[in-house]
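Per chain, numbering begins at 1; letters A, B, ... match sequence-line order.
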Amino acid sequence: MIRLAAEPFEPGAELARFCAGRTETGAVASFVGIARAEGGQATALELQAYPGFTEIEIGRMADAATQRFCLADVLIVHRHGAIAPGEPIVMVACASAHRREAFQACDYLMDYLKSRAPFWKKELGPDGARWVEPTARDLEDIARWD
Amino acid sequence: MRVLLFGRLGDLAGWRERPFDPPPATLAELKRRIAAEDATLGEALDGPGVQAAVDRALVRGEATLAGAAEVAFLPPMSGG
């Protein structure tokens with residue numbers, strides 16, 4: 001399931017719902033990304049999405065992960081709009097029969113979300129605003145899966 | 001036809017969405033029309049990593065816009 005959230009979400013509650021009733025799944029791994037204050041340099045994030053396109057592109061990544069890691073299910077919740085430091089930005093949960101695939105799928109999906117998901121991130125701080133683009137590290141991370 | 005600008009492109013142009021009528025026939029013509037009005041934006045649209053989506057599907061290189069309702073210009077994306 002892919003969900004864009006305009007309001008803060010509760011990762012614990014999302015994970016509890018995702019795990020409920022899984023008598024044969026065996027493994028669920030999850031990751032939560034949280035907005036950083038960057039030592040006071042980031043007072044807020046403004047995350048722009050392209051509704052109707054962003055969900056489709058994230059859905060493609062989830063489908064690719066499902067095939068590659070034989071997942072039973074995927075949950076991706078991603079915030080957009082104004083986000084304060086300390087608030088969750090993204091959550092990924094992957095369900096599979098065994099743990100290794102679940103861990104790897106979370107890692108894979110986060111690398112893809114970092115540099116391929118249609119979001120544009122503006123960091124607001126005391127020195128003004130700047131658009132954040134994928135870093136060299138992000139591009140190295142995603143290249144691991146080629 | 002509607003044109004959408006995301007991320008830094010919207011800040012650069014001072015608009016995020018506007019109609020283009022009559023609609024251009026191709027992506028190249030749309031970019032020429034934009035560049036004629038705003039050379040800085042025109043240059044940015046051809047900048048590194050900027051992609052275009054026609055009716056919410058990414059296109060590579062040139063694209064015909066016949067019947068298209070929406071063209072979006074997408075600078076490098078970053079989620080998570």
Tell me whether B:Val54 is reachable from A:Tyr50 by hopping between hydrophobic residues (I, L, V, M, F, W, Y) whose side-chain heavy atoms are closer than 4.5 Å. no
Go through the atoms of A:Pro88 and report whether side chain, backbone, both or neither lie under 4.5 Å from a heavy atom of chain B. neither
Give a yes or no on this: more than 12 heavy atoms of other residues, nucleotides or ligands lie within 6.0 Å of atom CZ of B:Arg18. yes
All heavy atoms of A:Phe53 vs all of B:Ala53, minimum pair found to be CE1-CB, 4.4 Å
Return yes when atom CZ of A:Arg68 has more than 12 non-hydrogen atoms of other residues, nucleotides or ligands closer than 6.0 Å, and no otherwise. yes
Do B:Leu4 and B:Leu30 sit in one hydrophobic cluster, given that two such residues count as connected whenever their side-chain heavy atoms are within less than 4.5 Å of each other, even indirectly? no
Contact origin within A:Glu57 toward chain B - heavy atom pairs under 4.5 Å: side chain
As an exercise, state the distance from CD of A:Gln48 to CZ of B:Arg8, rounded to the nearest 0.5 Å. 12.5 Å
Has A:Glu7 got more than 12 heavy atoms of other residues, nucleotides or ligands less than 6.0 Å from its CD? no
Is any residue of residues 17-44 of chain A within less than 4.5 Å of chain B by heavy atoms, and which ones? none
Where the side chain of A:Trp120 meets the backbone of B:Pro75, is there a donor-acceptor pair that is under 3.5 Å apart? yes
Going through the checks in order, is the side-chain contact (heavy atoms from CB on, under 4.5 Å) test met by B:Met77 and A:Phe119? CA-CA 5 Å; B:Met77 306 166 178; A:Phe119 290 99; over 6 Å; no
Proximal to chain B - members of residues 122-137 of chain A, heavy-atom separation under 4.5 Å: A:Lys122, A:Trp131, A:Val132, A:Glu133, A:Pro134
Give a yes or no answer on whether the side chain of A:Lys121 reaches the backbone of B:Gly80 with a donor-acceptor pair at less than 3.5 Å. yes
Mind checking whether A:Val74 and A:Ile142 sit in one hydrophobic cluster, side chains of I, L, V, M, F, W, Y counted as touching below 4.5 Å? yes
Would you kindly confirm whether B:Phe73 and B:Trp15 end up in one hydrophobic cluster when ILVMFWY residues are joined by side chain heavy atoms under 4.5 Å apart? yes
State yes or no: do A:Leu71 and A:Ile76 share one hydrophobic cluster built from I, L, V, M, F, W and Y residues joined by side-chain heavy-atom distances below 4.5 Å, directly or via other members? yes
